[in-house]
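Here is the structure we will look at.
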Amino acid sequence: MVLGDGDVVVFLEAGRAAVSRARETQAPAHGEPVPLTEAAVNVADLALTRGDGVFESIAVIDGRFIALDEHLDRLAHSAALLDLPEPDTAAFEAAARAGVAAHPAARSSAPDTELLVKLLYSRGIEGADTPTGWVQVLTGPDHSRAREHGIAVVTLDRGYRHDVARTSPWLLQGAKTLSYAVNKAALREAERRDADDVIFVSSDGIVLEGPTSSVIVRHGELFRTPRSDLGILAGTTQAAVFRTLAGLGFETADAVLTEAELGTADAIWLCSSGRLVAPVRRLDGEAVPVDAELTSTLLRGAFGV
Ligand code: PLP
């Protein structure tokens, strides 16, 4: 994502110490939006040196926060998994709202502006024992092509079994940590294979999630998503889509899906807060049917886009 001119950052109170020394004389008061290009965290912050923290990405469409409470809950859940102090979710919400209000897109009358709000929460500067929190408000990229025409996806082995969250909780599967280097590497592997995205599969053949998305698989009138106890994130976008599908009279279920079931799907979607709902048009080089009409019904029904 290219950082936009108007993008802003808001530091939370506990995050004040993270403003870099060089800028200390002009350090912004906590809660006060600053241009993203001028904001800095301390080079000794464990977010930078260890990826030791958690985050959330929230869509804001025409000024509406999508699934804000679910994202705040998931931030707290991820923080608990990392034994971080409980985040002040009210302060995060206030910072997010202040940041959005300060973003030029919020003041323009452009009808379908999509912003992405990132909540970041790190263990803080090494040795300081104070977490760092800040919020970024970014102009969302244009996802219309992926939403309308679909994406090419490859399956990749995640390298652990489907029950890893139970057998090895220290691997933090199911927490949205700041360590996304593996997720980014998987996306580069997809690009090398001439694809746009990835569906991770466990070493024992169970469908998990994308590096930045949840998976929905359709067989007939039944729509299923991998269960969140498989060491994956409980997707807020997928949950909203399931509510819309249920409203349309379809059956939905959280399930254990095998890789073979992906191959027989009538349709597959990847869901995430940024891109929202993207139909899969190709899986490991094989065509997958795309239901453009249902996809646009879901986008409209669940998110008003
Ligand atoms: N799984 C992973 C690993 C993700 O990074 C994301 C997106 O943040 C999701 C699933 C989808 O979650 P959500 O729909 O709440 O954005």
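In listed order, ligands and their atoms are each counted from 1.
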* Asked: Does a donor on one side chain and an acceptor on the other come within less than 3.5 Å for D284 and T155?
  -> yes
* To do: May I ask you to check whether over 12 heavy atoms, not counting those of R64, lie within 6.0 Å of atom CZ?
  => yes
* May I ask you to identify the nearest protein heavy atom to atom 11 (C) of ligand 1, giving residue, atom name and distance to one decimal place in Å? => S214 OG, 3.6 Å
* To do: Could you check which of H71, K176, R74 puts a non-hydrogen atom nearest to atom 8 (O) of ligand 1?
  => K176
* Structure fact -> heavy-atom search around atom 14 (O) of ligand 1 in the protein gives T237 OG1, 2.6 Å
* With ring centroids as reference points, do Y180 and F55 lie under 6.0 angstrom apart? -> yes
* Nearest to atom 7 (C) of ligand 1, what protein heavy atom do you find, and at what distance? -> T212 O, 3.3 Å
* To do: Just let me know how C271 lines up against ligand 1, side chain, backbone, both or neither, with a heavy-atom cut-off below 4.0 Å.
  => backbone
* Asked: Hey, is D52 close enough to R123 for a salt bridge, meaning N to O under 4.0 Å?
  -> yes
* Taking both backbone and side-chain atoms of S273, is any N or O found less than 3.5 Å from an N or O belonging to ligand 1? -> yes
* Numbered atoms and elements of ligand 1 in range of G210, under 4.0 angstrom, heavy atoms -> 3 (C)
* Is it true that K176 and E56 make a salt bridge, defined as a side-chain N closer than 4.0 Å to a carboxylate O? -> no
* Are a donor atom and an acceptor atom from the side chains of T113 and H103 found within less than 3.5 Å of each other? -> no
* Structure fact -> Of all protein heavy atoms, the one nearest atom 5 (O) of ligand 1 is Y180 OH, 2.6 Å
* Structure fact -> atom 15 (O) of ligand 1 sits nearest the protein heavy atom T236 OG1, 2.6 Å
* atom 1 (N) of ligand 1: the protein heavy-atom neighbour that sits closest, reported with distance to 0.1 Å -> E209 OE1, 2.8 Å
* Asked: Quick one: does NZ or CZ of R218 land under 6.0 Å from the six-membered ring centre of F223, within 45 degrees of the ring axis?
  -> no
* To do: Kindly check if the number of other-residue, nucleotide or ligand heavy atoms within 6.0 Å of CD (E189) is above 12?
  => yes
* Quick one: does S213 get within less than 4.0 Å of ligand 1, heavy atoms only? -> yes
